[in-house]
Amino acid sequence: MPDSQARTLTAPTPAKERPGGTLYRGREGMWSWVLHRITGVAIFFFLLVHILDTALVRVSPEAYNAVIGTYQTPIMGLGEVALVGAIVFHAFNGIRVILVDFWAWATRHQKLLFWIVIGLWVIVMLGFTPRHLINVFSH
Amino acid sequence: MTAIPFPDEPRRRGTNWEKWGWIYMRISGVVLVVLVFGHLFVNLMVGEGVKAIDFGFVGGKWADPFWQWWDVTMLWLALIHGANGMRTVVNDYTKPGTVQRILKGALLASVVVLIVLGTLVVFTFEPCPAGSPADLLPSFCAA
Amino acid sequence: MTTENHVETKVVDGVHYHQYDIVIVGAGGAGMRAAIEAGPGAKTAVISKLYPTRSHTGAAQGGMAAALANVEEDSWEWHTFDTVKGGDYLVDQDAAEILAKEAIDAVIDLENMGLPFNRTPEGKIDQRRFGGHTRDHGKAPVRRACYAADRTGHMILQTLFQNCVRLGIEFYNEYYALDLVMTEVDAGDGTISRKPSGIVAYELATGELHVFQAKAVIFATGGFGKIYKTTSNAHTLTGDGVGIIWRKGLPLEDMEFFQFHPTGLAGLGILLTEGARGEGAILRNASGERFMERYAPTIKDLAPRDIVARCMVQEVAEGRGAGPHKDYVLLDCTHLGAEVLETKLPDITEFARTYLGVDPVYEPVPVMPTAHYAMGGIPTNVSAEVLSDNTTVVPGLYAAGECACVSVHGSNRLGTNSLLDINVFGKRAGRNAVEYVKTVDFTPLPEDPAAFVRGMLDQLRDSNGTERIAAIRKELQDEMDKGAQVFRTDESLAHVTKVIAGLRERYRNVAVQDKGKRFNTDLLEAVELGFLLDLAEVVVYSARNREESRGGHMRDDFPNRDDENYMQHTMAYLSGDAHSSDAADHIRLDWKPVTVTRYQPMERKY
Amino acid sequence: MSTATLEQPPAEAAPIESFTVTFLIRRFDPDVDTEPRWQDFDVEMYPTDRVLDALHKIKWEQDGSLTFRRSCAHGICGSDAMRINGRNRLACKTLIKDLDISKPIYVEAIKGLPLEKDLIVDMEPFFASYREVQPFLQPKTAAAPGKERVQSVAERARFDDTTKCILCAACTSSCPVFWTDGQYFGPAAIVNAHRFIFDSRDDEAKVRLDILNDKEGVWRCRTTFNCTEACPRGIEVTKAIAEVKQAVMRGKP
Ligand SMILES: Cc1cc2nc3c(=O)[nH]c(=O)nc-3n(C[C@H](O)[C@H](O)[C@H](O)COP(=O)(O)OP(=O)(O)OC[C@H]3O[C@@H](n4cnc5c(N)ncnc54)[C@H](O)[C@@H]3O)c2cc1C
Ligand code: HEM
Ligand code: SF4
Ligand code: F3S
Ligand code: FES
């Protein structure tokens, strides 16, 4: 049945230009790890800086207060919210990871645990953010 | 090309600390939850929060050995935890070679330096340095 | 270590030459069982067109028969009888005795190699019922099938592969064997005979040709269910091995006997194991009637496959089929309960859910017979040596598994006897090949042994044909389903014969679109189609010649078994002009007597 | 039963609706291309068809050079793991009705193994890791001649889950850690080690635990669960890995 002549092989129908592969569509487990890694790295770098600035207490009260003063500006205040958000997520998700490692039930219900982590994160952040921002923005 | 050359090199054998690193991440993680949350709470939530932090505040805290030990423990645990975590990240995204060695060396150096520095700061801290304006110092520094 | 970094002996004119004592073609159950015997005793290579674990042995579900008597009284004699009777007495009984006797060791071997069989409460290998397996010569069903959930074949394939890894067997994966090299040798007294001297294979990854010189060659290439449309067989089961042997002018035995498994998922052909009925599932027609009671009052749904398949088609033909088109019957598992389904039949439960959207826990599953197993194939004796006529052995050539015909299955294979077959005769093939290669030297290769394959491939690749591979194959499969399936008549077979002749004609003008060298699966599909056409032709031609109904071969126009004329095996030979379109021009049929030791043919009632 | 024929006139049926589905396939021919490229195909499909059917239709009716592996067509041989709409699956087990066909369906090779052609990758590294964990039974004592080793139902159930593996590589090639440098043993190798570590008949669990205590062993797993999600056999892969981790810490199964 010569139903159709062999379609040519060398001239592909131009498809959407998309040279790379697609992004892997992992689920809760993968995204929680991505967030865990990003927050971990972020906290680490903050920690480096934070130790250095705290060390200024050995230099002089003035030096320390000058630097710590910048932490109290509104911009830094917002940054602190982000930082605390990162720490809280990393901490809660860290607990989740530990549970998943050691407790078969948690291994099976890791997605539920992820949403619990998110839920707790929201609650903690709701408690923290207004309080902190009031402190930052009040004189 | 998307193909990754494989294997980059034969897998190495011998003693390795991966298991202990893994266990350490979990133990330190659990302890850090308490330490970090305590730290954040006292510094950011109690009283006026971040606004209240100044030399006097820090001095007030470190006058108490309890807070000294709290912060030093946190310092060690968190830095080693973070550094080990960063080592994992470096292992993942770089190939064995010079770049990887430099990155890991930098990690190690910075962490050792910061741990030493931080520890010294906490324990050799002088809450009432002579010649500083009293209003900057903790209240107990009776001039 | 199993590895693909093989040491090349030499490369001449772009053809790679290797030398092994034993070359095994096929890495399914039979091939790897042979390799486990051969590997430690001789320099062995396994050539497989698939990664070994992709072989279709892995699809087998139900179990492997052996009279272990772990759960109830049983004996290998009963097993022999069931095999003979199940095969409608066309079984060579000496072979069936060996099969049943060595079954016990075959199962124990596998267990010792690590196969995780399901266990009895005492920790022994558990056994379950299967179609046609009975106690005391047909008195009642017996528990004889050793199983690992409903993935027995998967576990056999994995276990054999694991042991090949342990032994460091050399595999050439994704190498397609396309020709058996035969060398003409002068016996010294002026008589010229042909001796196998190697295998020519096509390396999928590179498109290069390899010649494997060998003292002994074992064929274990599996079945050829893809001559049919509705089949439980894999896309890759195109009968290459059987086709290679056929093209070499060696005979094929009993090709008309093809088994149609009763319970394929309707419309898809995906198999639901007979183990389901072994566990108590029931076949029902549209009105919910358990119709097998009418046809086989004693063992009902557990009658042998040929009978059940026929009854199902009959129910549908007489208008009692279920569904909107009344074109299938129902397999009712609902009374088994979720527990049994999830633990003993998890895979098929999932198949029904995935592919038909039917949950067997709550609903009966639509099923119809599906082309399943080739009883016929390359004739061998009980030592797995290939025969060039009724008695003459081809020295150094062996075959085992579904591609071979020993014949332990006669005209209808009993469920669970094939996994047994591949283990028993795979082992024998490997062992005997080792003994053989110790006694002989390499047969010299003829000049340019790859010439034939190179010619065939070049012709396909370079042809400016216009025929689509898929169109020809589809027509073949459709016609085979219509005219040469469960029921056949002279008329239907004559029609299919004609169709095949036309398709063979068109095949010469087939187009291969992919002209590249690397991973050219298009080219290989064309080659495989060639084998399918050849084999389908032999099947139909043999079927037309057998004017009786026996086992898997049901002639509507000759509904009875005719022991007077047909209590013999069909032997088909390629002779004359292989390219002529008229089958009669190039197929010669002959007969081979059936070996009867203990059981005289009786009427087959269940 | 001699009157039956197969030539039943098919009952008049309501035609089942078919759809035109667009497939975007990531093609790569090493002889021609330097980079993989996306190519689209429109295919007539029924909701109950599978992605494998679509690939066949393309290969058989449109472009014979489209290259992929497949064999059994029902999820048992492990040939056709590929990335469909961004997730690893078996083409033969992915039904069109379970995908959103209002958008094109993306099909590409699994990630992290060397790409050979179109949807085919080099599986050798994958099998090399598999072989390294000694995936075969190693009892210290021989079984009684002609007898099976005794194993209780519970002991058999202990490792049932991991015996289901068909070595399709969907898990390993979905693992973000494996993507990074391909050195990690990967979930499939660990699953197959698990199958023997927890088999009561085996005596060499310690050797395998040692192997997996490697730098590239179990500790690289970051519990991202992509493997568990991808496994077409429904194996609880991450759970198996967790069990192996704990066995390594205990030093025994
Ligand atoms: C769905 C299903 C369920 C079944 N259930 C049971 C059951 O419960 N019990 C039972 O006893 N039997 C069962 N059977 C039958 C049994 O599984 C098969 O008959 C048996 O596994 C065949 O094994 P084999 O080794 O001969 O061939 P296969 O396992 O099919 O292996 C064939 C090998 O040959 C290779 N090959 C083919 N052509 C070439 C070539 N040209 N070059 C190189 N290599 C080649 C392939 O790569 C493959 O490795 C079942 C069959 C099916 C299809
Ligand atoms: C507050 C409590 C914390 C808990 C409970 C915690 C928990 C964990 C755990 C369990 C891991 C291992 C993850 C894995 O193996 O998949 C981890 C990784 C990591 N942690 Fe923490 N951690 C905490 C605080 C910190 C801090 C303060 C830092 C920064 C210094 C940090 C930086 C990291 C980094 C960089 C990683 C590696 C991430 C990765 O490999 O993906 N963590 N954490
Ligand atoms: S564990 Fe699952 S996904 Fe991984 S190889 Fe085995 S079957 Fe495939
Ligand atoms: S995807 Fe990879 S990170 Fe662990 S949970 Fe699975 S192996
Ligand atoms: S083709 Fe066998 S798993 Fe999909």
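Letters go in sequence order (proteins before strands), and every chain restarts at 1.
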Q. In terms of heavy-atom pairs under 4.5 Å, which option from B/Val113, B/Val30, B/Val36, B/Asp54 contacts chain A the most?
A. B/Asp54
**Q.** Closest contact, heavy atoms only, A/Asn135 versus B/Glu48
**A.** CG-O, 3.0 Å
Q) B/Met25 versus A/Ile98: any side-chain heavy-atom pair under 4.5 Å? A) no
(Q) Counting only non-hydrogen atoms closer than 4.5 Å, does A/Leu48 touch chain B with its backbone (N, CA, C, O), its side chain (CB onward), both, or neither? (A) both
Q) If you count heavy-atom pairs under 4.5 Å with chain A, which of B/Thr88, B/Leu114, B/Leu137 comes out on top? A) B/Leu114
Q: Could you look at A/Glu62 and say if it's the side chain, the backbone, both or neither that has a heavy atom under 4.5 Å from chain B?
A: both
Q.
Within the structure provided, determine whether A/Asn65 and B/Phe57 are in side-chain contact (heavy-atom separation under 4.5 Å).
A. no
**Q.** Structural part of B/Asp92 lying under 4.5 Å from a heavy atom of chain A
**A.** side chain
Q: Using a cut-off of under 4.5 Å on heavy-atom pairs, state which of A/Ile68, A/Val124, A/Val57, A/Val67 scores highest against chain B.
A: A/Val57
**Q.** Sub-4.5 Å side-chain heavy-atom contact between A/Phe92 and B/Val33
**A.** no
Q.
Is B/Leu32 close to chain A through its backbone or its side chain, or both, or neither, when contacts mean heavy atoms under 4.5 Å?
A. neither
Q) Using a cut-off of under 4.5 Å for heavy-atom pairs, which of A/Gly69, A/Gly94, A/Ala55 has the most such pairs with chain B? A) A/Ala55
(Q) How long is the straight-line distance from CG of A/Leu52 back to CG of B/Leu117, given to the nearest 0.5 Å? (A) 6.5 Å
Q | Pairwise distance CG(B/Leu40) to CG(A/Leu83) - rounded to 0.5 angstrom | A | 7.5 Å
Q: Might you point out which heavy atoms bring A/Phe44 and B/Ala83 nearest each other, and give the distance in Å?
A: CE1-N, 3.6 Å
Q: Go through the atoms of B/Phe37 and report whether side chain, backbone, both or neither lie under 4.5 Å from a heavy atom of chain A.
A: side chain
(Q) Is B/Ile23 close to chain A through its backbone or its side chain, or both, or neither, when contacts mean heavy atoms under 4.5 Å? (A) neither
Q) Is A/Gln72 reaching over with its side chain to a backbone N or O of B/Val50, donor-acceptor style, under 3.5 angstrom? A) yes
Q: Rounded to the nearest 0.5 Å, what's the gap from OH on A/Tyr64 to OG on B/Ser132? Could you check?
A: 14.5 Å
Q | Main-chain N/O of B/Phe125 paired with A/Arg58 side-chain donor or acceptor, under 3.5 Å | A | no
**Q.** Heavy-atom neighbours of B/Trp67 CH2 exceed 12 at 6.0 Å
**A.** yes
**Q.** Max heavy-atom pair count under 4.5 Å with chain B, selected residue of A/Met76, A/His90, A/His50, A/His132
**A.** A/His132
Q. Does B/Val121 reach the side chain of A/Ile51, with side-chain heavy atoms less than 4.5 Å apart?
A. no
Q | Segment of B/Met86 engaging chain A (4.5 angstrom heavy-atom cut-off) | A | side chain
**Q.** Residue part contacting chain A, namely of B/Ile53, when any heavy atom lies under 4.5 Å
**A.** both
Q: Sort B/Val111 into side chain, backbone, both or neither according to what part of it lies under 4.5 angstrom from a heavy atom of chain A.
A: side chain
Q.
Heavy-atom cut-off 4.5 Å, strictly under: side chain, backbone, both or neither for B/Val89 against chain A?
A. both
Q | Contacting region of B/Leu75 [heavy-atom separation from chain A under 4.5 Å] | A | side chain
(Q) What part of B/Leu44 gets within 4.5 angstrom of chain A, counting heavy atoms only: side chain, backbone, both, or neither? (A) both
Q.
Heavy-atom cut-off 4.5 Å, strictly under: side chain, backbone, both or neither for A/Phe128 against chain B?
A. both
